[in-house]
Amino acid sequence: MTNRDRGSTRVLTATLAAVTALAVSGCNRDDPVPADGEFMGNPTPYGAGTPTEENRVVYEGEYNQEFIDEATNYVGQQVTISGEVSRTLSPETFAIAGPADPMLIVEEQEIPPVDDGELVELTGTMRANFSVSEVEEQLGVDLDDELYTDFEGENYLMAAQGRVGE
């Protein structure tokens, strides 16, 4: 073997060792496992992997006056809001307390059960003009119309993900 061949062999061996070390180091990660009800990574409610214009979260924060003032700008878009459950209306719906009126939450996909007074964080699509009959048809459920009179015509959140806080 010539000196030139030995040099090429050493470079190739060193390169292979470095690539192998990098590959092996990525195999034994100690990522934390989330507790029940916690989100894994960025919320992308419809399983879309990489956020796109359709599922990008445009607001993330408390259900407060700032959110209420801008709510019409969020209609049709993904938001993540947090607040305290003020009233459970059905297994599919509840309200969270706000600075003025409560906001109706409709579970598009099942989220952990909630009780009045619990803190929640929810991700979903803001919708306008709540209608009991439309939501009943969409979810295939029968809601007690009288419980929703205060929410008729109001903005609401169609929640796709949620977690119950402490």
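Being a predicted model, the structure only gives us computed values, none of them experimental.
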* Can you find a pair of side-chain heavy atoms, one from Asn155 and one from Val75, that are under 4.5 Å apart? -> yes
* Asked: So which heavy atom on Tyr156 is nearest to which on Asn129, and how close?
  -> CE2-C, 4.3 Å
* Which atom names give the shortest non-hydrogen contact between Ser90 and Leu143, and what distance separates them? -> OG-CD2, 3.7 Å
* Asked: Can you tell me how far the CE atom of Met158 sits from the CD atom of Gln78, to the nearest 0.5 Å?
  -> 11.5 Å
* From Glu92 atom CD to Glu136 atom CD, the distance as rounded to the nearest 0.5 Å -> 10.0 Å
* Structure fact -> Only residue of Ile96, Val164, Ile105 satisfying side chain to side chain contact (heavy atoms under 4.5 Å, CB included) with Val114 is Val164
* To do: Would you check if the side chain of Glu66 reaches a backbone N or O of Glu62 as a donor-acceptor pair within less than 3.5 Å?
  => no
* Supply the atom-to-atom distance Phe130 CZ to Thr93 OG1, rounded to the nearest 0.5 angstrom. => 7.0 Å
* Structure fact -> Met126 and Tyr74 have their tightest heavy-atom pair at CB-O, 3.3 Å
* Between CD of Glu84 and CG of Asp116, what distance do you get to the nearest 0.5 Å? -> 9.0 Å
* Asked: From Glu118 CD over to Phe94 CZ, what is the distance, rounded to the nearest 0.5 angstrom?
  -> 9.5 Å
* Minimum heavy-atom distance Ser86-Pro102, with the two atoms named -> OG-CB, 3.9 Å
* For Ile81, the option from Met103, Glu60, Glu121 that meets side chain to side chain contact (heavy atoms under 4.5 Å, CB included) -> Met103
* To do: Using distance alone, with no hydrogens and no angle criterion, decide if Glu152 and Ser131 have a side-chain donor and acceptor under 3.5 Å apart.
  => no
* **Between CG on residue Leu122 and OH on residue Tyr63, distance to nearest 0.5 Å** => 12.5 Å
